[in-house]
Amino acid sequence: MTSNTAETKQAGSGTVRLAANQYGKAENHVVRVYRDSARHSIRDLNVTSQLRGDFELAHTEGDNEHVVATDTQKNTVFAKAKENGIESPEQFLLGLADHFTSNFDWVTGGRWAAEEYGWSRINDHDHSFYKSAPEIRTAVVMRNGDRDIVISGFYDLTVLKTTASGFVGYPKDKYTTLPETEDRILATDIATRWRYNTTDIDYDATYKRVKEIILETFTDHYSYALQHTLYQMAEKVIASVPEIDEIKFSCPNKHHFLYDLERFDIDNPNEVFHAADRPYGLIEATVARADVELDERDWIGIAGFC
Ligand SMILES: O=c1[nH]c(=O)c2[nH]c(=O)[nH]c2[nH]1
């Protein structure tokens with residue numbers, strides 16, 4: 001029988017080595033009810049926990065001594081929902097990061113992510129709710145040693161304005177058919193993520209504020225293009241929230257084409273549109289505080305943004 005240590009294996013094969021790895025339990029859907037009084041409240045989160053650290057022998061040798069089971073990670077999510085409560089998705093994920101990195105020496109970090117679904121009271125009822133948030137809130141905590149990165153956001157916030165948007169001045173070549181317009185519908189599903197430069201923050205209040213700024217900005221200017229609108233949203237968020245250094249947007253341009261009613265001798269002064277679902281423009285941008293160095297590694301694992 002040959003020796004079965006990691007060194008022997010590495011020395012023996014020499015052709016490969018273990019590089020990046022992480023593992024855990026994905027999509028633990030936890031609903032936390034607060035029922036300390038007759039007026040209940042809820043938080044509804046879908047949580048993914050993944051650990052990083054020294055898991056070399058699990059991969060190279062089949063030695064599970066360091067492998068905190070994904071089943072244990074799942075149970076921890078539910079236990080912490082009771083023990084810590086869910087003050088905010090970000091705070092909850094930071095609590096998971098603390099738990100795993102302080103209880104297992106070889107866990108040096110990880111990635112904890114959540115989506116949150118928003119509920120409101122039905123007619124201000126004490127314990128009956130309806131799913132009310134149009135958007136899905138997102139949060140990611142990445143811990144690497146003593147460095148934490150917290151990235152928050154949302155997706156699927158659909159907005160539309162019926163005027164104060166146009167698209168002119170673009171280059172025309174032999175393939176260009178799009179007519180210029182100074183009065184069109186602008187519609188998109190906003191997906192955004194922003195990176196905090198601190199963990200000392202009221203995440204729920206800041207989330208609310210960022211969403212308000214984004215919505216307000218959508219309304220408050222004449223849009224020369226979706227690019228122009230996204231940039232202004234980003235600029236206002238960064239100007240208003242000193243704890244945010246960087247924000248990304250990924251937004252479809254949901255085209256609304258004026259329907260041709262002339263064929264039926266009917267006038268159509270920007271009143272009847274065909275809402276086409278595809279293809280769609282796809283406009284993405286990252287906007288950062290001017291004097292802050294960016295590190296693309298902060299965004300590893302966050303798909304769908306540039
Ligand atoms: O806001 C827009 N940005 C574009 O880049 C573009 N391209 C296009 O055909 N329509 C639009 N609208």
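Read the numbers this way: they start at 1 and go in the same order the structure lists the ligands and their atoms.
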Atom indices of ligand 1 within 4.0 angstrom of [X] heavy atoms, with elements:
{"X": "Leu226", "result": "1 (O), 2 (C)"}
{"X": "Arg184", "result": "1 (O), 2 (C), 11 (C), 12 (N)"}
{"X": "Asn253", "result": "1 (O), 2 (C), 11 (C), 12 (N)"}

Is Asp204 salt-bridged to Arg209, cutoff N-O under 4.0 Å?
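No, this pair does not count.
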What's the shortest distance from [atom] to any protein heavy atom, and which residue and atom give it?
{"atom": "atom 6 (C) of ligand 1", "answer": "Phe167 CZ, 3.3 Å"}
{"atom": "atom 9 (O) of ligand 1", "answer": "Leu178 CD2, 3.4 Å"}
{"atom": "atom 3 (N) of ligand 1", "answer": "Gln227 OE1, 2.9 Å"}

May I ask you to check whether His274 and His255 place their ring centres under 6.0 Å from each other?
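For His255 and His274, the ring centres are not under 6.0 Å apart.
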Classify the contact between Leu186 and ligand 1 as side chain, backbone, both or neither, using a heavy-atom distance cut-off of under 4.0 Å.
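No part of Leu186 comes within reach of ligand 1.
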Under 6.0 Å from the ring centre and within 45 degrees of the ring axis: does the NZ or CZ of Arg32 meet both conditions for the six-membered ring of Tyr34?
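Yes.
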Any chance you could lay out the ring-ring contact (aromatic ring centres under 6.0 Å, His included) test for Tyr203 and Tyr196, step after step, and finish with the verdict?
CA-CA 10 Å; Tyr203 290 104; Tyr196 289 111; 5.4 Å; yes
Measure the shortest side-chain to side-chain distance between Leu261 and Asp267 over non-hydrogen atoms and say whether it is less than 4.5 angstrom.
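Sidechains of Asp267 and Leu261: no contact.
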Is there a side-chain contact between Gln50 and Trp112 in this structure, where contact means two heavy atoms from C-beta onward sitting under 4.5 Å apart?
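SC-SC contact between Gln50 and Trp112 ruled out.
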Short N/O distance, under 3.5 Å, between Ala225 and ligand 1?
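So ligand 1 has no N or O lying under 3.5 Å from an N or O of Ala225.
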